[in-house]
Structure formats: C-alpha cells, structure tokens
Amino acid sequence: MATERYNPRESEPRWQKAWEDARLFEAKDDESLPTYYVLEMFPYPSGRIHIGHTRNYTMGDVVARYKRAKGFNVLHPMGWDAFGMPAENAAMQNKVHPKEWTYQNIATMRAQLKMMGLSLDWSREFATCDVDYYHRQQMLFLDFHAKDLVTRKTSKVNWDPVDRTVLANEQVIDGRGWRSGAEVESRELAQWFFKITDYSEDLLNAIDRLDAWPDKVRLMQRNWIGRSEGLSIRWPLVEDTAPGGEQELEVYTTRPDTIFGASFMAVSADHPLAKKAAEKNPELAAFIEECRRVGTSAASLETVEKKGLDTGIRVRHPFDPEWTLPVYVANFVLMEYGTGAIFGCPSGDQRDLDFANKYGLPVTPVVMPEGADPEAFQITEEAYTDDGVMINSHFLDGLSNDAAFEEVAKRLENETLGGKPVAERKVNFRLRDWGVSRQRYWGCPIPMIHCETCGVVPVPKEDLPVKLPDDIDFEQPGNPLDRHPTWRHVKCPKCGGDAQRETDTMDTFVDSSWYFARFTTPHADTPTKPEVTNRWLPVDQYIGGIEHAILHLLYSRFFTRGMRDTGHLGLDEPFRGLFTQGMVVHETYRAKDGRWLAPSEVRVEGSGSDRKAVEIATSEEVSIGSLEKMSKSKKNTVSPEDIIDSFGADTARWFMLSDSPPDRDVEWTDEGAAGAHRFVQRVWRLVTEAAPAIEKHKARAARQGDAASISKSAHKALKIVGNDIERLAFNRAIARIHELVRDLQGPLSKLDTAGDETRAAAREAIEILIRLIAPFMPHLAEECWAQIGGKGLVAEAVWPEYDPALVVDEEIVLPVQINGKKRGDLTIARDADQAAVEKAVLELDFVQKALNGAAPRKVIVVPQRIVNVVA
RNA sequence: GCGGACGUGGCGGAAUUGGUAGACGCAAGGGACUUAAAAUCCCUCGGGCUUCGCCCGUGCGGGUUCGAUCCCCGCCGUCCGCACCA
C-alpha cells in the first residue's frame with residue numbers, strides 16, 4: 001500500500017488553528033490544579049526571530065506540553081523586551097519612529113513564533129514599551145523610592161561617548177561599552193541608583209538554596225557579589241607630614257596577620273588624602289591627573305605599569321608608634337573598593353612585592369610554609385601567598401596566619417585612636433549599587449520632578465503614567481527628551497511652582513527584572529495581585545542563555561526582594577529552576593577576498609579531509625571556518641522560515657533537540673535536518689500503515705507471548721522518556737524514541753496476520769508513541785492521532801502511566817567478568833538470589849575453563865548488575 | 001593572575017555518578033528493490049592480531065579497587081567567567 005508522505009506545510013497551520021480555537025494553552029484560573037510556570041527569557045524585538053530563539057522556546061515548549069499532559073495548570077507566556085538602543089539607532093539611521101519600528105518588529109516576530117507551533121498563552125502577551133507596562137514599572141519605582149531602595153547620588157560613572165549614555169559596570173566589557181564598543185570614559189554625574197547592596201548578604205546566602213540552578217551560574221553570582229571578611233584599620237598620620245586637618249588613614253585588609261610585613265601605604269588617586277596632598281604638590285597633582293587618564297581610557301589594564309608616587313605623608317604603625325611608613329598614591333588602588341587605601345605587605349602579595357622592588361621599599365617575610373627555616377626563609381622575586389606560620393612578627397611569631405588574624409583583630413579592636421577603636425571587623429562586597437539612569441529616549445521615564453525650592457519630588461501616583469512624548473527628533477545625538485520643547489516643563493507637585501521632569505529613563509534591565517511577575521496578572525491596574533501572583537511564582541523552570549547568568553538574574557533576584565518589601569508579592573526568589581541552554585552554531589565560509597558567505601551561497605562537496613566549499617556564484621573555492629554562533633556579521637545564519645518552508649516546524653524542533661545536550665551548542669547541518677525529517681516520515685509511515693489493522697481495536701497492553709514484547713517496549717520507553725523530559729535531557733529522550741520506533745517497526749509490519757491481542761497491544765503502543773513525540777513534534781502527533789481515530793486533540797490528552805509490571809523482565813542478562821574483564825553473559829531469573837547466581841556462574845563453560853579446576857578466590861555479585869569472578 | 005568546567009570512534013554524543021565503553025543520530029562503505037534515480041529496507045563501521053578467539057583502547061603518567069570514562073595525585077590541552085578587589 002502506497003502511503004502519502006506527510007505534508008507539514010498543509011498540516012501544521014491546520015493544527016495551530018485547532019489549538020488556538022480551543023484556547024488550549026491559556027493558563028486557567030482554576031485554583032484546584034497544581035500550577036507549573038515555565039518561562040523562556042523573552043526576546044528583544046530586533047526584527048526577526050533567530051534560530052537560537054527557536055531552540056530556546058522549543059525546550060520550554062516541550063516542558064510546557066509535557067507538564068500540561070501531566071495534569072498541571074501551566075503558565076507559558078511570551079512577551080517582548082522592547083525598550084532599548086537599537087530602536088533609537090534605527091530612528092537615527094532610517095528616520096523611523098522607535099515606537100513604529102518596535103511594534104512592527106513585534107508583529108513580524110510574533111507571526112514567526114506562531115509558525116513554530118509553540119503552546120504559548122498569547123492572551124498574556126505584552127511589550128515592556130507598552131504604556132500599560134511601564135506605567136506599573138513607574139509605580140514600582142515610586143514604591144521602591146518610598147521604601148528607601150532608590151537613591152540619587154553623584155558618582156563616577158562609565159560614560160559611553162558614542163551612545164552618549166551612562167553604562168553600569170556590568171555593561172562595560174574590557175573597558176568598552178557593551179553595545180557601541182567605544183572606549184568608556186569616566187565622568188561625575190548625579191544618577192539614580194537601586195540599592196541592591198542593601199541585600200548583598202541575603203543575595204549571597206540565598207544562592208545556597210537555589211539547588212535547581214546550574215552550579216556554574218551560582219558560582220558566577222557568588223563571585224560577582226564578592227564577599228570578603230577583613231579588618232578596617234586606622235593608621236595615625238605623623239603630624240608634621242599630614243596635610244591640614246588630616247589625622248588618620250583608614251585602610252581595609254583581608255590580611256591583618258601580615259601587619260608586621262607592612263612597608264608602605266598606598267591610596268587611590270581619587271582618595272581625599274591624595275587630593276589634599278596634591279594641593280601643595282604640583283608633581284603629585286600631575287601624577288594624579290595621569291592616573292585618571294589611564295584609569296578611564298586604558299583598554300587593557302593588565303598592560304599598564306604599576307606606578308606610585310610618594311606623597312611625603314607618613315603614618316605610624318598601630319603596634320609601634322616609632323615605626324613610620326610612607327604613603328604613596330598608586331595607580332592600582334581603586335577608590336570604589338574598601339576605603340580606597342591599602343597597606344602594602346610585599347612578602348605576602350605579588351603586586352605589593354613588585355611595587356616595593358620598584359621603589360626600593362623593605363621586604364620582610366612574615367608568613368612562611370610550615371617546617372621552613374625562619375632564618376633562611378627569604379622573599380625576593382616571588383611573594384608567598386599561601387597559609388603558613390608567622391615569623392618576624394613579634395607576638396604573632398609561631399602562630400598560624402589564621403590565628404594571627406584573630407590576634408591582631410582582638411588587640412586593635414580594644415585599642416583606641418581619638419576615642420574610637422583602631423580597628424573594626426568589616427565585611428566587604430564587590431557588588432555596587434545599580435545605577436539605572438540612562439540618557440536615552442526609548443526607555444521607561446523615571447517618575448521624578450526636580451523643583452528648585454522643594455528639591456527632588458516624586459510624581460504623585462495619580463499623575464502616572466509619565467508617558468513618553470511621541471513628537472521627538474533624532475537629528476542630534478544625546479537625549480531627545482532633554483531637547484523636547486515642552487515635555488520636561490511641569491509644575492512642582494509640592495509647591496506648584498515651575499519645575500522640570502527628570503529626563504533620564506531607566507536601564508532596560510529594569511524592564512526585564514519583573515516581567516515574569518507581570519505575566520501572572522498582565523492586565524491588572526497594579527503591578528501584580530499578590531494573591532494571584534504568589535500562586536504562580538516562583539517560575540518553576542526558567543530557560544535562557546548563559547550570557548544572563550549575572551546581570552539579569554541578579555537584578556531579578558533583587559527586584560523580587562524589593563517587591564516583597566513593598567508588598568507586591570510574597571517570596572524571595574523568582575526562579576526555582578534555571579536552565580541555561582546552548583547556542584545554535586554553524587560553520588563559517590569565507591571567500592579569498594575576505595567576504596563572508598552565507599550557507600545558501602555555497603555548495604559543500606566531499607567528506608572528511610576532502611571536504612570543500614565552493615561559492616555557487618563564482619565557482620571559486622572558499623575556506624570553511626570554525627563553528628560560530630550564528631550572526632549577521634559572519635553571515636552563517638539559517639532562517640527559521642526557510643527551514644519551516646522546506647521541512648516544517650516539527651523537523652526543526654526535533655533536530656534542534658536531538659544529538660547535543662541542551663546546555664551545549666548544537667551545530668546546524670543540512671544533513672542533520674534531513675535526518676530529522678526522515679524520522680518524521682518514518683513515524684508517519686509506521687502509524688498510517690498500521691492504522692487499518694488497529695482501527696477497530698481498543699488499546700490494551702499484552703502481558704504474555706509475542707504481543708507482550710510490543711507492550712514492554714512501549715512501557716519502557718514511556719517510563720524513560722518521561723524521566724528524561726523531567727531532567728531536560730531532551731537528546732536522550734529522543735534517542736529512546738528512536739529505539740521505540742525501531743522496536744515497533746518489525747511487529748507492526750505483520751499486523752495483517754496478527755490476532756486481536758496483538759492488535760490491541762499494537763494500538764496501545766502506537767498511542768504511547770504518539771504521546772511521546774507530542775511534546776517535541778506536536779503537529780505530527782495530532783496528524784497521527786487523527787489517523788488512528790483518536791478522540792480529541794493530543795495537546796489536551798493526559799500523559800499515560802506506565803505499567804510497572806511491564807518495565808521489568810522476568811529474565812535478566814548479567815554480564816560475567818573474570819578478573820574484571822567481561823568474558824560472557826548469564827541469563828537467569830530476575831528474582832534469583834545471590835547464591836543461585838553464584839552457582840549458575842560457576843557452572844558456565846567459560847568460567848570453568850578460566851578457573852581450570854581451581855576454586856575461585858572470590859565471586860562478587862552485584863544484584864541486577866554484574867558478576868565478577870576473581871580467579 | 002584567580003575561579004570554574006571539559007577532554008570518549010571520522011563527527012555530535014550515550015553510559016542509571018564505581019559495574020558490559022561507544023546507546024541514539026550524522027557521515028562513510030557494501031548489498032536488496034528499481035530500466036534508472038529518488039524514497040525505502042538489510043548489513044558493516046575504535047585500533048591491532050595468528051579473527052569461532054585474543055590483545056590494546058575514554059588527553060598523558062602514576063595510584064586506590066575484585067572492577068575506573070567515573071575516585072585520588074601529577075602533567076598536557078581546550079573553553080568559559082572574573083580580573084589592579086587590598
């Protein structure tokens with residue numbers, strides 16, 4: 001019988017419409033069902049859906065469809081991270097309004113996503129640039145402000161001279177703006193900050209409880225927060241060397257144990273003491289100026305020479321007033337960390353040692369490895385930074401460095417200088433407050449007003465939203481809101497006098513820091529409704545790229561705490577499970593003249609070492625380059641539409657999840673896609689050819705005879721595939737489905753002559769197979785389901801339960817080893833006890849031959865696993 | 001520099017965290033069907049040898065163990081994160 005090939009182009013839109021008409025994927029209000037919230041990081045509407053997006057969303061969709069089948073009330077929403085620079089760049093380049101550009105892109109991309117057959121709840125869709133959304137974000141901002149989680153401070157900021165905006169530290173990569181790639185300058189500006197550092201300790205400690213997050217991400221967050229325990233020590237200045245009014249220098253150290261190894265002090269060029277000393281010292285002033293320039297414009301700091309200049313100021317050692325040390329200004333000391341000043345212990349820190357050697361400062365070893373000879377132990381070129389025993393340190397000698405830390409802390413805490421303790425234990429964090437001010441148009445306006453008499457006044461909530469004006473011009477660089485003729489001029493809400501709006505807008509990371517909460521109540525007048533929001537949150541499974549391991553996730557964790565403390569929701573952590581998926585990569589092709597070529601422009605011939613690529617247009621050979629993330633610049637892209645056009649969405653979904661583990665990159669190859677399509681057709685053929693023989697039969701598992709092997713294959717696959725999906729091991733699930741299809745192929749081809757029992761078992765097996773492929777290839781599953789006369793839609797069918805009796809065999813095959821090497825098998829009843837197994841093994845021919853009449857030294861039986869005979 | 005991950009056939013990768021190494025897929029080779037092609041189906045596919053069997057083999061060198069891809073020690077290599085953090 002000739003079967004028609006499965007035609008995805010005809011089939012897929014039909015099923016998409018059927019699902020939509022039945023509104024199957026809208027999360028239900030039903031409170032009796034257990035909830036499951038699966039979310040993929042929402043896309044920026046750049047113009048087109050990228051193949052990488054589709055892999056990400058397919059993973060989420062497999063989980064969503066599986067969980068729905070398992071009886072959960074699933075929330076699987078989609079939206080748009082729609083504010084940001086590209087819209088403004090497009091406005092400047094193409095004279096199109098950012099709003100228009102953005103919403104057009106959204107329309108295009110929504111249509112592309114719908115072709116993928118994703119089970120999304122589109123009724124909850126929003127874009128962060130919707131007034132409706134940023135209105136609520138402004139409410140949150142005001143609440144955070146009232147709760148003292150927002151502050152305005154003047155600070156040194158990273159200024160991107162090309163984009164003309166301020167960047168967060170996290171947005172500066174190797175000294176360059178993350179978007180523009182321009183070298184970042186340093187400027188002093190008044191900025192709005194979220195006080196994320198209020199939660200430093202909690203954000204750090206809670207990482208321990210995020211056990212469904214990848215270890216890698218947890219570690220990255222820990223390092224980013226960067227907690228260190230140390231001592232803040234105040235060193236008195238030698239009176240006649242100190243600039244007017246200055247009396248002490250406070251330094252932070254994590255190594256107070258090395259205090260007797262101190263040989264100099266170093267302060268940042270921005271340190272007040274340095275500034276003061278420079279007033280009467282032109283050489284120092286020049287040096288400080290030089291440090292600033294280097295500190296802000298150097299692309300790679302590692303190439304910068306460590307430099308310092310003696311200020312002439314001297315400090316007294318806390319344990320010996322007669323001992324004075326010089327104070328340097330050094331270009332490697334950061335004002336932003338600790339107190340902006342350090343004491344240098346050359347023997348215990350490589351950088352300090354280099355500095356001491358350069359400026360001829362003393363080097364006294366104070367920690368040596370245990371067992372070394374204190375008389376002979378010397379430090380010349382290499383510092384000793386490990387743990388060890390104290391030497392040359394007076395009362396600390398002989399102690400471990402940990403004990404010495406404690407001893408120094410204890411003594412200095414109890415001594416006073418100017419009525420205050422000399423030292424204080426202090427925990428320091430690397431984490432900085434989150435500067436959110438951006439001098440851009442296309443972002444959420446910060447709802448604040450500057451009044452000359454009242455200062456900074458929040459916009460009253462009833463006056464929200466502060467809407468972006470539509471009539472703007474992009475003729476000049478900088479912030480169009482600043483130049484708008486009327487928008488910024490308002491009356492002060494407090495005194496009624498003339499006042500000015502804040503023209504900064506918020507960092508777009510703010511938008512994405514709470515969207516997952518908004519999806520729970522997308523149409524509410526308030527940002528959330530705690531009674532609803534708390535039912536859905538935390539997100540059970542969040543899926544996205546590793547590039548967001550720090551920023552987005554940390555900000556979202558902060559926002560969740562902020563929203564908790566302002567009464568918008570009742571939990572600490574937004575994402576219970578996190579999964580970071582790999583990218584879709586493709587070979588790159590480059591012509592001799594350096595042009596990148598798209599895969600569609602080349603023809604690849606041969607295989608192995610003979611493999612070569614030829615440019616179709618010119619017939620010239622081109623070089624085949626490394627696998628790279630698909631990008632416009634290297635032209636190694638494959639468009640989702642082209643794939644859907646030639647193979648259908650199911651094939652694309654199936655291929656992207658097979659082979660490579662989901663957290664690793666997958667290489668897109670035409671052969672691989674064709675292979676996936678072959679499998680689609682194979683399933684279709686298997687089902688349609690068996691359909692007539694099983695049409696009139698009711699599904700029923702068989703336990704005896706040949707038919708039982710069909711049922712066993714199906715139930716074993718059912719069990720394993722379910723487990724694999726739970727663990728997001730999609731590649732393994734797919735391998736198991738391949739095996740099931742292979743196992744069913746033989747028996748199902750002989751159904752014409754089979755009895756009722758076999759046909760019933762075959763029907764059950766096919767129903768199971770269709771259910772197993774449904775999360776991955778939902779359209780094909782529906783088409784197959786219809787083919788065997790299934791009721792309703794697979795998308796609303798319940799995931800079947802496997803029968804435990806069918807997934808175990810009565811007889812098992814145990815590998816038998818002799819001295820650890822496999823020499824054969826033993827087939828024995830599953831419930832045979834250890835003694836029976838041992839007896840049977842010793843009777844095996846090859847075992848007797850190996851033993852040669854002697855008794856074995858030992859027989860190790862690992863139940864259900866293996867037997868090892870030690871001869 | 002600091003921190004982390006990884007290293008398995010021609011390729012992507014399996015191996016229930018100490019129990020048959022190479023599942024499944026891709027590529028390749030051979031065969032069947034066909035006038036032919038496509039499609040489909042079957043077989044082979046880590047290396048070596050004296051090939052019904054044996055030896056070697058999970059980056060390299062050691063170790064622990066009845067047994068090691070998995071644990072320990074020491075190297076080599078690749079990738080990622082942070083990076084003047086006191």
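Residue numbers begin at 1 in each chain, while the letters A, B, ... track the order of the sequences.
If you take atom C1' in B/rA5 and the same atom in B/rG59, they sit 16 Å apart, rounded to whole Å. Here the separation of B/rA28 from B/rG10, taken at their C1' atoms, is 8 Å to the nearest Å. Taking the C1' atoms as reference points, B/rU17 lies 11 Å from B/rC71, given to the whole Å. Comparing B/rC55 with B/rU8, their P atoms are spaced 26 Å from each other, to the whole Å. With both ends at atom C1', the span from B/rA83 to B/rC75 equals 26 Å, rounded to whole Å. A distance of about 13 Å separates the C1' atoms of B/rG7 and B/rG13, rounded to the whole Å. Comparing the same atom, P, in B/rG9 and in B/rA23 gives a spacing of 13 Å after rounding to whole Å. Rounded to whole Å, the C1' atom of B/rU78 lies 27 Å from the corresponding atom of B/rC84.
Taking atom CG of residue A/Asp215 and atom P of nucleotide B/rG3, one finds them 17 Å apart after rounding to whole Å. The distance from atom CZ of A/Arg742 to atom C1' of B/rU40 is 18 Å, rounded to the nearest whole Å. Taking atom CD on A/Gln221 and atom C1' on B/rG3, their separation rounds to 15 Å, with Å as the unit. Atoms NZ (A/Lys216) and P (B/rA5) sit 10 Å apart, rounded to a whole Å. Taking atom CZ of A/Arg222 as the reference point, atom P of B/rC80 lies 23 Å away to the nearest angstrom. Distance A/His548 NE2 to B/rG81 P: 14 Å, rounded to the nearest Å. When the C1' atom of B/rC24 is taken as reference, atom CG of A/Leu657 falls 15 Å away, rounded to whole Å.
Toward the 5' end of RNA chain B, the nearer of the two residues A/Leu334 and A/Leu219, judged by each one's closest nucleotide, is A/Leu219. Between A/Ser228 and A/Val862, the residue anchored closer to the 5' end of RNA chain B is A/Val862, taking for each the nucleotide with the nearest heavy atom.
Residues from residues 664-679 of chain A lying near RNA chain B, meaning a heavy-atom separation below 4.0 Å, are A/Arg664, A/Glu671, A/Gly675, A/Arg678 in numerical order.
In B/rU16 the O4'-C1'-N dihedral to the base is more than 90° from 0, which defines an anti nucleotide. In B/rG9 the O4'-C1'-N dihedral to the base is within 90° of 0, which defines a syn nucleotide.
In this entry B/rU40 has B/rA32 as its Watson-Crick or G-U wobble partner, both defining distances falling under 3.5 Å. Remark: B/rC49 base-pairs with B/rG53; criterion is Watson-Crick or G-U wobble with both hydrogen-bond distances under 3.5 Å. The nucleotide B/rC84 finds no pairing partner, because no Watson-Crick or G-U wobble arrangement with both distances shorter than 3.5 Å includes it. Here B/rA5 sits opposite B/rU78 as a Watson-Crick or G-U wobble pair (both hydrogen-bonding atom distances under 3.5 Å).
Other residues, nucleotides and ligands place more than 12 heavy atoms under 6.0 Å from the CZ atom of A/Arg425.
Residues that satisfy the side chain to side chain contact (heavy atoms under 4.5 Å, CB included) test with A/Gln681, not counting sequence neighbours, are A/Arg5, A/Tyr6, A/His677, A/Trp684, A/Arg685.
Checked by atom type, the side-chain pair A/Glu587/A/Tyr589 shows a donor-acceptor distance below 3.5 Å. A donor and an acceptor atom, one from each side chain of A/Ser232 and A/Glu250, are located under 3.5 Å apart. When only modelled atom types and interatomic distance are considered, A/Gln581 and A/Arg664 share no side-chain donor-acceptor pair under 3.5 Å.
At the phosphate of B/rG4, neither OP1 nor OP2 sits under 4.0 Å from any side-chain N or O atom of A/Arg218. For B/rA86, one of the phosphate oxygens OP1 or OP2 lies less than 4.0 angstrom from a side-chain nitrogen or oxygen of A/Tyr337. In this structure, A/Arg5 does not reach the B/rA38 phosphate: none of its side-chain N or O atoms is under 4.0 Å from OP1 or OP2. A close approach under 4.0 Å does not occur between any side-chain nitrogen or oxygen of A/Arg865 and OP1 or OP2 of B/rG67. Between A/Arg255 and the phosphate of B/rA86, there is no side-chain N or O to OP1/OP2 separation shorter than 4.0 Å. Under 4.0 angstrom from either OP1 or OP2 of B/rG13 there lies no side-chain N or O belonging to A/Arg732. For A/Asn731, a side-chain nitrogen or oxygen approaches OP1 or OP2 of B/rA14 to under 4.0 Å. Here A/Lys821 does not reach the OP1 or OP2 of B/rG19: none of its side-chain N or O atoms lies under 4.0 Å away. In this model, the phosphate group of B/rA86 is not approached by any side-chain N or O of A/Arg430 to a distance below 4.0 Å at OP1 or OP2.
Aromatic ring pairs are classed by plane angle as parallel below 30°, tilted from 30° to 60° and perpendicular above 60°; the pair A/Trp235 and A/His317 is perpendicular. Note: A/Phe355 and A/Tyr359 have tilted aromatic rings, judged against thresholds of 30 and 60 degrees for the angle between ring planes.
When each of A/Trp668, A/Phe776, A/Phe679, A/Phe730 is checked for a ring pair (Phe, Tyr, Trp, His ring centres under 6.0 Å) with A/Phe655, only A/Trp668 meets the rule.
The side chain of A/Met220 lies closest to B/rG81, out of B/rA83, B/rG12, B/rG81. Considering only side-chain atoms of A/Arg823, the nucleotide from B/rC55, B/rC41, B/rC66 that sits closest is B/rC55. Side-chain proximity of A/Trp224 to the nucleotides B/rC82, B/rG13, B/rU20 is greatest for B/rC82. Here the nucleotide nearest the side chain of A/Ile860, chosen from B/rC84, B/rC66, B/rA86, is B/rC66. In the set B/rG19, B/rC41, B/rA14, B/rC41 carries the atom at the smallest distance from any side-chain atom of A/Gln745.
A donor N or O paired with an acceptor N or O is not found under 3.5 Å between the base of B/rC66 and the side-chain atoms of A/Lys858.
Nearest heavy atom pair, residue A/Gln221 against residue A/Ile550, reads NE2-O, 3.5 Å.
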Go through the steps for A/Asn731 and A/Ser658 under the test side-chain hydrogen bond (donor to acceptor under 3.5 Å, both in side chains), then give the verdict. CA-CA 4 Å; A/Asn731 56 323; A/Ser658 33; over 6 Å; no
